[in-house]
Amino acid sequence: MKDVLKFKKFRSTIMFFLLFVMIGVWRWASTNNLFYLIIFGYIGFAIAIGSILNITLSKKRKHWGRKTTQLMIGFFMIGFLGFIGNENMQIEGFFFYLFSGIFAGATLHYLIAKIAGPLYFGRAWCGGACWTAMVLDFLPWVKPKYPRNKKLEIIRYFHFLASLLLVVFLFYVLEYKENDYPSKELVWMIIGNIAYYIIAIFLAFGFKDNRAFCKYVCPIPVTQKLTAYFAVLKQKVDTEKCTECGLCEINCPMDIKILQYVKEGKRILSTECILCNTCADICPTNAIKTTSGFDFQFKEYIN
Ligand code: SF4
Ligand code: SF4
Ligand code: SF4
């Protein structure tokens, strides 16, 4: 019986690992390239390690599970696929590959992590894998000092549009050539990422909020949020266990009004939730769990 209970704890870890291995096998079989199995096997392994650490470490140290996955995937994406594989993993690279009709690693990455995947795991990419956030999460303001400035969120939409128009201009007006690729793509990626890191760190210090860049400037949530509304995996508060102490809400890096969802008897339906588990790790009564279900609402409760 004890063994069964132990297995239950690791069931979703094993399922996630197998899911990534299966994607790897599918890509390997359809492209005859074993490399895909290695990539997806590695990503599944990184998620499994983080998840095992999260399950087994003490409450105070649980966040190291997420950080381990974040570092393992983040460095791999930017270092291996980007710098060694010469792929532009920025959003402009994704647009460029789409216009060029190239099915590159970046295309698959966007489809899985940022467009279709959020239908299942919401914005977990932002909570546990993004290479920009893996640096931001080591800055001092894990808990934002001030409430979110909702008006500034419009910047992310302008950023998205500007990135798209830039690629349209390069591709259709300047006839940016496919045979210039990949060296130019690498230059784009290096410049783009340096700019992202500088702006993101500057904003974190300016707003005293590690995730200010994610809230206001990053263009990724523009598409990611559309599918994240319908995410199967969301955080749920057990109202029987919740004492309404408010600790989860105060510590949420994305300023989500968790207690408003509790009051309405809903899961945390906000598409700003990045499934970072900070709320669950800090809850003194272990009232918060990631659960599966089908529910959504377009109204966001944000502080
Ligand atoms: S919002 Fe952008 S920068 Fe922030 S975690 Fe998500 S993808 Fe990374
Ligand atoms: S930290 Fe736990 S007990 Fe406190 S309000 Fe949040 S869910 Fe309820
Ligand atoms: S609600 Fe919880 S899991 Fe979601 S962003 Fe806030 S702290 Fe992270």
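Note that the coordinates shown come from a computational prediction; the quantities given were computed from them, not determined experimentally.
- Residue pairs that meet the salt bridge (Lys or Arg N to Asp or Glu O under 4.0 Å) test with at least one member in residues 135-152, sequence neighbours left out, are R66-D137, D137-R211, R148-E153, R148-D255, R148-E272.
- Summarising the geometry of A204 relative to A212, their closest heavy-atom pair is N-CB, 4.5 Å, with the distance given to 0.1 Å.
- Annotation: W141, atom CH2; neighbour count of heavy atoms from other residues, nucleotides and ligands within 6.0 Å is above 12.
- Clustering ILVMFWY residues whenever any of their side-chain heavy atoms sit less than 4.5 angstrom apart, transitively, puts I112 in a cluster other than the one holding M15.
- Of all heavy-atom pairs spanning C242 and L259, the tightest one is SG-CD2, 4.4 Å.
- Side-chain atoms of S270 never come within 3.5 Å of backbone atoms of Y301 as a donor-acceptor pair (strictly under, hydrogens ignored).
- Hydrophobic cluster membership differs between I302 and L203, with clusters built from Ile, Leu, Val, Met, Phe, Trp and Tyr side chains linked at under 4.5 angstrom.
- Taking the six-membered ring for Trp, W26 and F40 have ring centres at least 6.0 Å apart.
- Counting non-hydrogen atoms of neighbouring residues, nucleotides and ligands closer than 6.0 angstrom, the CZ atom of F75 reaches no more than 12 such neighbours.
- Residues satisfying the ring pair (Phe, Tyr, Trp, His ring centres under 6.0 Å) test with F95, not counting sequence neighbours, are F160.
- F99 pairs by the ring pair (Phe, Tyr, Trp, His ring centres under 6.0 Å) definition with F171, Y172, not counting sequence neighbours.
- Here the CG-CG distance, from D281 to N54, works out to 5.5 Å after rounding to the nearest 0.5 Å.
- Remark: D238 pairs with no residue by the salt bridge (Lys or Arg N to Asp or Glu O under 4.0 Å) rule, at least two apart or across chains.
- By the 6.0 Å contact criterion, NZ on K289 is enclosed, its count of non-hydrogen atoms from other residues, nucleotides or ligands being greater than 12.
- Note on F45 and V25: same hydrophobic cluster, where clusters join Ile, Leu, Val, Met, Phe, Trp and Tyr whose side-chain heavy atoms are under 4.5 Å apart, directly or indirectly.
- Considering only heavy atoms from C-beta on, P253 comes within 4.5 Å of C276 through its side chain.
- With N210 contributing its side chain and L139 its backbone, the two residues share a donor-acceptor pair below 3.5 Å.
- For S292, there are no side chain to side chain donor-acceptor pair (under 3.5 Å) partners two or more places apart in sequence or in a different chain.
- Taken to the nearest 0.5 Å, the CG atom of L18 stands 11.5 Å off from the CD1 atom of I23.
- Residues T69 and A46 share a closest heavy-atom pair of OG1-O, 3.0 Å.
- Annotation: Y196 is in aromatic contact with H159 [ring centroid separation under 6.0 Å].
- In this structure, F138 places its CZ atom where more than 12 heavy-atom neighbours from other residues, nucleotides or ligands lie under 6.0 Å away.
- For residues 97-112, the set of pairs meeting the salt bridge (Lys or Arg N to Asp or Glu O under 4.0 Å) definition, not counting sequence neighbours, is empty.
- Contact annotation: the side chain of Q260 never approaches that of E249 to less than 4.5 Å [non-hydrogen atoms, C-beta and beyond].
- A cation-pi arrangement, defined by a distance under 6.0 Å to the six-membered ring centre and an angle within 45 degrees of its axis, is absent between K236 and Y261.
- Cluster membership check: I288 does not share its hydrophobic cluster with L233, using side-chain heavy-atom separations under 4.5 Å among Ile, Leu, Val, Met, Phe, Trp and Tyr.
- Using modelled atom types, one side-chain atom of Y110 and one backbone atom of M89 make a donor-acceptor pair closer than 3.5 Å.
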With a cut-off of 3.5 Å and sequence neighbours excluded, list every side-chain donor-acceptor pair involving residues 122-129.
from, atom 1, to, atom 2, distance (Å)
R123, NE, Q224, OE1, 3.0
R123, NH1, T271, O, 3.0

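- Under the 30°/60° scheme for interplanar angles, the aromatic rings of F230 and F298 are found to stand perpendicular.
- When all heavy atoms are compared, the tightest approach of R267 to T291 is NH1-O, 2.7 Å.
- Partners of N193 according to the side chain to side chain donor-acceptor pair (under 3.5 Å) rule, which considers only residues two or more places apart in sequence or in another chain, are Q90, W131.
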Working for side chain to side chain contact (heavy atoms under 4.5 Å, CB included), residues I256 and N303: CA-CA 6 Å; I256 294 166; N303 275 314; over 6 Å; no

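- Taking every heavy atom of both residues into account, F17 and A48 meet most closely at CB-CB, 4.5 Å.
- Considering only residues two or more places apart in sequence or on other chains, E264 meets the salt bridge (Lys or Arg N to Asp or Glu O under 4.0 Å) condition with K266.
- We find the OH-CG distance between Y229 and D295 to be 14.0 Å, quoted to the nearest 0.5 Å.
- A side-chain hydrogen bond (donor to acceptor under 3.5 Å, both in side chains) with N277 is found for exactly one of Q235, H63, K62, namely Q235.
- F207 meets the ring pair (Phe, Tyr, Trp, His ring centres under 6.0 Å) test with Y216; sequence neighbours excluded.
- In this structure, CD1 in I14 is found 13.5 Å from CG in L19, a value given to the nearest 0.5 Å.
- At distances below 3.5 Å, at least one donor-acceptor pair connects side-chain atoms of Q297 with backbone N or O atoms of K299.
- A centroid separation of less than 6.0 Å is found between the aromatic rings of F76 and Y42.
- Under the 4.5 Å side-chain criterion, counting only non-hydrogen atoms from C-beta, N88 is not in contact with F96.
- Here the side chain of K234 pairs a donor or acceptor atom with the backbone of A231 at under 3.5 angstrom.
- Using modelled atom types, one side-chain atom of R156 and one backbone atom of K215 make a donor-acceptor pair closer than 3.5 Å.
- With values rounded to the nearest 0.5 angstrom, Y97 atom OH is found 12.5 Å from L108 atom CG.
- Under the 4.5 Å side-chain heavy-atom criterion for ILVMFWY residues, no single connected hydrophobic cluster contains both L136 and F202.
- Rounded to the nearest 0.5 Å, atoms SG (C214) and CD1 (I274) are 6.5 Å apart.
- Using a distance-only test at 3.5 Å, with no hydrogens or angles considered, a donor-acceptor pair links the side chain of T68 to the main chain of W64.
- In this structure, N251 contributes its side chain and L247 its backbone to a donor-acceptor pair below 3.5 Å.
- Listed by chain and residue number, nothing satisfies the salt bridge (Lys or Arg N to Asp or Glu O under 4.0 Å) test with E244 (two or more places apart in sequence, or in another chain).
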Worked verdict on Y120 versus F294 for ring-ring contact (aromatic ring centres under 6.0 Å, His included): CA-CA 10 Å; Y120 180 63; F294 297 97; 9.5 Å; no

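- Inter-residue side-chain proximity for I39 and F35 is flagged as met; some heavy-atom pair is nearer than 4.5 Å.
- In this view, T278 satisfies the side chain to side chain donor-acceptor pair (under 3.5 Å) rule with no residue, not counting sequence neighbours.
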